[in-house]
2 protein chains.
Amino acid sequence: MKKVTIKDVAKAAGVAISTTSNALNGSSLVNEETRKKILAVAKELNYVPNLNGRYLKTGKTKMLCFITSNVRGPYFYMLVESMCHECERLGYGMNLIVTKDKNVIMNHMVGQGFDGVFIYEGERIQEQELKIIDQSRVKTILLDRSYSSEFISSLVFDSYQAGFYVTRYLINLGHQRICFIEGADDVYDSIERKRGYIDALKAYDIPYDEDLIIRGYFEETYTYNSVTTMLRIENVALPDAFIAGNDLSAIGCMKALKALGYEIPKDVSVVGFDDIEVAEYLSPSLTTIRNPIDRQGVQAIELMMRMIHHNEKGRVEQLKGELIPRKSTGICLRK
Amino acid sequence: MKKVTIKDVAKAAGVAISTTSNALNGSSLVNEETRKKILAVAKELNYVPNLNGRYLKTGKTKMLCFITSNVRGPYFYMLVESMCHECERLGYGMNLIVTKDKNVIMNHMVGQGFDGVFIYEGERIQEQELKIIDQSRVKTILLDRSYSSEFISSLVFDSYQAGFYVTRYLINLGHQRICFIEGADDVYDSIERKRGYIDALKAYDIPYDEDLIIRGYFEETYTYNSVTTMLRIENVALPDAFIAGNDLSAIGCMKALKALGYEIPKDVSVVGFDDIEVAEYLSPSLTTIRNPIDRQGVQAIELMMRMIHHNEKGRVEQLKGELIPRKSTGICLRK
DNA sequence: TATGATATTAGAAACGTTTCTATTACCTCT
DNA sequence: AGAGGTAATAGAAACGTTTCTAATATCATA
């Protein structure tokens, strides 16, 4: 009942180990006759190569690693789905680490012998630590922030462009007083979307108004409270439209507006970012920007393969989003 | 810039490789003085053990594998989240394979040297193939069907009980004519839920009526059509309540009922199974059975560890669900 | 002062591959 | 017939560990 090794196959086929190895790996050195015999014997014995042996020798593990702090929501599963499929296709394994612990991350980066590592939601990873990662020479791709060094690439959505598009879309519908609900100060996506928002206003000569910037922290409840506070406590006049930092935030925003008695999109328009699953089922359904997540997945693997096999240096790549118009936005009806 | 190995550490510390290995692994053989020195040197050189070398020698990989055909939805992420956390805690890696291809599955089962494998949504895996898996002696846990053999365990929700509970709940609300919308014939969960439904009827002396069994295949659209057909084409009188095979099916059912002009729960009650994320956001919110998914995750790992370390034989374990009453069910108002 | 016993360290084999080098057998050419 | 080339195969080293066995030093005991 012992594991059958290449040695057993060699013996059973009456050839040397090296010949067996060559035959199994499709080397052109070995005679067609013997190859056939060896393959037959291997199959008959149910031989499966021991990967530890192989990888020890070759120095590769054919193992990638996906480190993430958050496994919930459509973003994650779409990403992981496309990445896993690509891995499978290319004969790579994909290890999954779910953690927020920076030590765990760093430990897995340098210690586990992965051929490459993807990091999503590593906002907490400091420049300092990226340096260490770079020194460890592990091929790394950041999926949620823009950075590059010798061994580190990133592949992010063009949140700036998304922010710009969405704002322009609202402006084209006639909206002028547009409120932006931002996330946290140090979150790449939030910063970039806001930058796009501001530049779009500028492009259409609409004055930027500090009072129309509030915080939502990408959360439903927080946004709900912020919007309510803005309109009821601070008595800011109802803006023409709200740009929420993401879809979750948009949900909170819509709930708050409804609770205050406003109708969407008659009285006010709302947009989000991400196009999460429920966006389409909300009432009204939510206008949002959809990111080509599956494309990010396969492109990330492609980039990784180039880094692994052709020693391509780290670089930054960007992906463009797509506006999905639904029922939460409409023409501005106010004079 | 070469990888530093145990040999380098040994040389730098001026001791033998074996001593180094022992020191690093906390063997009591080595003198406290030398251990300290070796650890210091190892740290100084940034030594990280090569896992392929170690695993080749020890025959273990400390690597588990999660094979699934479907990575979408809350069920998956809750499961994977809890499992990954447990793995991390125990020093195991978790490989993720997303595939529907049986050959891929079988290949990964026997070939990749995982210490253990979890399979979710392997409905297609036949008895025949389970035999092969068993012969490969890879410790395996099935997460979605009930089966056991020497090296195969399963850890499933008690769908029979869930079906029974839900039916009893409706009966207690006064419903008598209860329609059951089943999934596919060969799906474990569907079979068991229906069995629970039938037994609950029996327990309360309510006659089982063939006409009240329709198909939904766990899908929204299919269910929508089935319900519509039942009520409009076949002109079956509106049942008091519908038990949908899962929440998705319940959504289709509710849409169909609304489209036909019925009010939920005034005219008719609807329940589902799973408690998916949107269940709570539907209108009316959906009464359903929630399974303790995170518990399934940690319990699965526990079971796996027992199989790996204590060579526990394969077995079947079950988890109980919890009824979540919401607004889609109400007291039966019909005479 | 020999004699074990003990504590510590060193040496070497082994895990299962791949791959470099060596060997063999056969063939072609002069 | 011998030289040289080619095709096929065999042998052996190496990858980085762990672990078994051997060696050495120290020490208490008789």
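All values below were derived from every heavy atom in this structure, side-chain atoms included, with hydrogens, water molecules and symmetry-related copies excluded.
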- Message: Looking at C:dT17, I'd like to know if its phosphate oxygens (OP1 or OP2) sit under 4.0 Å from a side-chain N or O belonging to A:N50.
- Response: no

- Taking OP1 and OP2 of D:dT18, is either one under 4.0 Å from a side-chain nitrogen or oxygen of B:N25? yes

- Protein-nucleotide distance (A:K7, atom NZ; C:dT18, atom C1'), rounded to Å: 14 Å

- Query: Can you tell me if the side-chain N/O atoms of A:S18 get under 4.0 Å from OP1 or OP2 in D:dA12?
  - Reply: no

- Would you indicate, yes or no, if C:dT18 has its OP1 or OP2 atom less than 4.0 angstrom from a side-chain nitrogen or oxygen of A:T58? no

- Task: Kindly say if A:R54 contacts the phosphate of C:dG16, meaning a side-chain N or O under 4.0 Å from OP1 or OP2.
- Result: no

- Message: Need to verify one output field. Residue with the more 5' nearest nucleotide on DNA chain C, B:G53 or B:T19?
- Response: B:T19

- Between C:dT9 (C1') and B:E33 (CD): distance, integer Å: 15 Å

- Does B:Q299 CD have over 12 foreign heavy atoms under 6.0 Å away? yes

- Can you tell me if the side-chain N/O atoms of B:Y47 get under 4.0 Å from OP1 or OP2 in D:dT17? yes

- Contact class for A:N52 (heavy atom, under 4.0 Å): base, sugar-phosphate, or nothing? nothing

- Taken to the nearest whole Å, CG/B:L51 to C1'/C:dC15 is 15 Å

- Task: Let me know, please, whether A:I17 or A:L29 comes out on the 5' side of the other along DNA chain C by nearest nucleotide.
- Result: A:I17

- Item | Aromatic ring proximity, centroids under 6.0 angstrom, A:Y120 and A:Y75 | yes

- Message: Side chain of B:K57, heavy atoms from C-beta onward: which of D:dT9, C:dA14, C:dT18 has the nearest atom to it?
- Response: C:dA14

- Item | Lys/Arg-Asp/Glu bridge criterion (N-O < 4.0 Å) met for B:E317, B:R315 | yes

- Query: Would you say C:dC15 has OP1 or OP2 under 4.0 Å from some side-chain N or O of A:T5?
  - Reply: no

- Note on the structure: Rounded to whole Å, the CG-P distance (A:N22 to C:dT21) equals 14 Å

- Can a salt bridge be assigned to the pair B:R72 and A:E81 using a cut-off of 4.0 Å between side-chain N and carboxylate O? yes

- Would A:K62 count as a cation-pi partner of A:Y92, with NZ or CZ less than 6.0 Å from the six-membered ring centre and within 45° of the ring normal? yes

- Separation of atom OH in A:Y55 from atom P in C:dT17, rounded to whole Å: 12 Å

- Rounded distance (Å) that lies between atom C1' of D:dG11 and atom NZ of A:K11: 16 Å

- Could you state the CG-P distance from B:L56 to C:dA13, rounded to the nearest angstrom? 17 Å

- Task: Round to a whole Å and report the spacing from NZ of A:K37 to P of D:dA8.
- Result: 14 Å

- If you check the A:I6 side chain, which of D:dT18, D:dC15, C:dT18 turns out closest? C:dT18

